[in-house]
Amino acid sequence: MSELLFERQGGVAVITLNRPDSGNAFTLEMLADWERALRECIADDAIRAVVLTGAGRIFCSGGDVKRMARNAAAGQGPWDRSKYLTDHVHRIPLTVLELDKPYLVAVNGAATGAGMDMALMGDLRFAAESARFAESYIKVGFVAGDGGAWMLPRLIGTPKALEMLWTGDFVSAQEAERIGLVNKVLPDAELLPHTMAVAERLASGPTVAIRLMKRMVRQGASSSFPEALSFAASCVGVVSGTEDYREATTAFAAKRKPAFQGR
C-alpha cells in the first residue's frame, strides 16, 4: 500500500494517506487500498478504533484537479465522470457507513474539496493549528460530489454550510472549532498523540456499548423519538448480557477501575 499506509497499534488501526508531494490527492490505487483497509477494520474484531490522517503538511486535497483537466481534454464524458465517483470515490463514504467502530480523523493540514468531505466522515475530528478547511469545488466550477452538501449542513447548519460551499473560502482551524466543524484544535506536534490517546481510550473501553452507542446515534438521526426509544431498549438488552457490563458493575461496586475485554 505505497499510496496509503495501514498499521496497527494495539487495538487501534491507523490509515495514512501517503501522497504528500501531491497533497494526498486521490488516485484509483489509493481509493482501492483505502476501501480494503476499511474492510479489514470492519471485519477484524481486534481492531476497536480507527484513526485517519495524512502524510506531510496537507491532510487531503481531494480529487486530482490536473488529472481531471487531462481527462476532460481527452474527451471524458459526463457518464465517465459519474462512474468514477460511484465506482471509486463513493466507495469510501459508503464503507465508512458500515464501520460501527470509532472513526477518528486527525486533520494535519489543509483539507479541501473532497478531502474536506472525507474529514467530515469522522465520528470525531481533531485539527492541527495549521489546518484549514475549504469546500473548494466552486473555485473550479464544480459541485460537492462526495457528500459534503449532505454532511456539512448537519454539522454546522445550513447558512454556514452554504457560505462555505458558495464561496470556497478557507476556514481556519480555530474557526472550525468555533462553529463545531472539529472537536478540538491542538498544536501541530500534539495532534496525532492526542488523537491516538483518544482512540486508545475508546479501544480499551466496553466495545459492545461503544459500537451500539454509535449505531443509536446514527439511527436516531433518521428516526422518530419513539423509534429511537425502541431501538435503545433493544440495545440495553444486548449490552446488559456482555462480560464488560458485568465487569463494569462489579468494579463500580468494588470502587476499582474496570478491566474491559471487549466482549
Side-chain angles (χ1 to χ4, degrees), residues 1-20 22 24-55 59-64 82-108 111 113-126 145-148 150-151 192 195-196 198-219 221-222 235 238 242 261-263:
M1 292 188 178
S2 61
E3 295 190 352
L4 183 138
L5 306 178
F6 181 63
E7 60 179 329
R8 303 185 191 197
Q9 298 184 27
V12 179
V14 182
I15 299 172
T16 305
L17 309 181
N18 192 40
R19 296 187 69 221
S22 301
N24 294 320
F26 306 152
T27 65
L28 293 180
E29 179 185 354
M30 178 192 284
L31 292 167
D33 288 345
W34 197 344
E35 182 186 5
R36 279 193 288 270
L38 288 169
R39 291 286 174 199
E40 184 167 341
C41 292
I42 291 170
D44 190 343
D45 284 339
I47 296 174
R48 299 182 185 176
V50 183
V51 169
L52 172 70
T53 193
F59 170 71
C60 184
S61 57
D64 190 327
S82 178
K83 286 277 288 178
Y84 168 72
L85 284 172
T86 57
D87 292 357
H88 302 286
V89 179
H90 288 178
R91 297 184 71 85
I92 304 307
L94 291 174
T95 305
V96 170
L97 279 178
E98 298 179 37
L99 180 68
D100 62 359
K101 302 171 184 180
Y103 186 53
L104 285 64
V105 180
V107 185
N108 55 292
M116 174 173 166
D117 294 344
M118 291 297 188
L120 298 181
M121 296 168 198
D123 300 315
L124 302 177
R125 281 170 299 284
F126 302 106
D146 197 28
W150 188 90
M151 292 180 286
L192 197 54
T195 307
M196 288 298 298
V198 175
E200 288 162 2
R201 175 179 177 178
L202 293 169
S204 63
T207 300
V208 176
I210 288 171
R211 294 175 68 172
L212 285 177
M213 194 71 77
K214 180 171 176 175
R215 293 186 190 185
M216 291 168 68
V217 169
R218 282 186 170 176
Q219 179 165 316
S222 59
C235 290
V238 171
T242 64
Q261 302 300 313
R263 56 181 181 270

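Please read these numbers as outputs of a predicted model, since none were measured by experiment.
The shortest distance between side-chain heavy atoms of Leu192 and Asn108 does not fall below 4.5 Å. Side chains of Leu120 and Asp117 form a contact here, defined as non-hydrogen atoms less than 4.5 Å apart. Using a 4.5 Å heavy-atom threshold, the side chains of Leu52 and Tyr103 count as touching. Side-chain contact between Val50 and Leu99 is present, with heavy atoms from C-beta onward closer than 4.5 Å. Contact check for Thr16 versus Leu4: no side-chain heavy atoms found under the 4.5 Å cut-off. Ile210 has its side chain out of reach of Arg48: every pair of non-hydrogen atoms, C-beta onward, lies at least 4.5 Å apart. Residues Asn18 and Glu3 are not in side-chain contact: their nearest non-hydrogen atoms beyond the backbone lie 4.5 Å or more apart.
Between the His90 side chain and the Gly147 main chain, no donor and acceptor come within less than 3.5 Å of each other. For the pair Arg125 (side chain) and Val105 (backbone), a donor-acceptor distance under 3.5 Å is absent. Proximity of a side-chain donor or acceptor of Thr95 to a complementary backbone N or O of Glu35 within less than 3.5 Å is not detected.
For Ala114, the side-chain contact (heavy atoms from CB on, under 4.5 Å) partners two or more places apart in sequence, or in a different chain, are Phe26, Tyr137, Asp146. With sequence neighbours left out, the side-chain contact (heavy atoms from CB on, under 4.5 Å) criterion links Arg215 to Asp100, Leu212, Phe231. Remark: Ser82 engages no residue in a side-chain hydrogen bond (donor to acceptor under 3.5 Å, both in side chains) (not counting sequence neighbours). In this view, Asp87 and Lys83 satisfy the side-chain contact (heavy atoms from CB on, under 4.5 Å) rule, not counting sequence neighbours. When the side-chain contact (heavy atoms from CB on, under 4.5 Å) test is applied to Ala199, the partners found at least two apart in sequence or on another chain are Val12, Ala49, Val51, Leu104. The salt bridge (charged side-chain N to carboxylate O under 4.0 Å, His left out) search around Arg218 returns none, not counting sequence neighbours.
Among all heavy-atom pairs drawn from Pro102 and Leu202, the shortest one is CB-CD1, 3.7 Å. The two atoms that bring Met216 and Cys235 nearest to each other are CG-SG, 3.7 Å, heavy atoms only. Of all heavy-atom pairs between Phe6 and Ala13, the closest is CE1-CB, 3.8 Å. Here the closest heavy-atom approach between residue Asn24 and residue Pro20 is recorded as OD1-N, 3.3 Å. Heavy atoms only, all atoms of each residue included: Val107 and Ala119 are closest at CG2-CB, 4.1 Å. Of all heavy-atom pairs between Val14 and Met196, the closest is CG2-SD, 3.7 Å.
With respect to the salt-bridge test (charged N to carboxylate O, under 4.0 angstrom), the residues Arg211 and Asp45 qualify.
Within the model, atoms CZ of Arg36 and CG of Leu31 stand 10.5 Å from one another, a figure rounded to the nearest 0.5 Å. How far CE of Met30 is from OG of Ser2: 9.0 Å, rounded to the nearest 0.5 Å. Distance CG/Leu38 to CG/Leu94: 11.5 Å, rounded to 0.5 Å.
Within the structure, side chain to side chain donor-acceptor pair (under 3.5 Å) pairs that include any residue of residues 199-210 do not occur (at least two apart or interchain).
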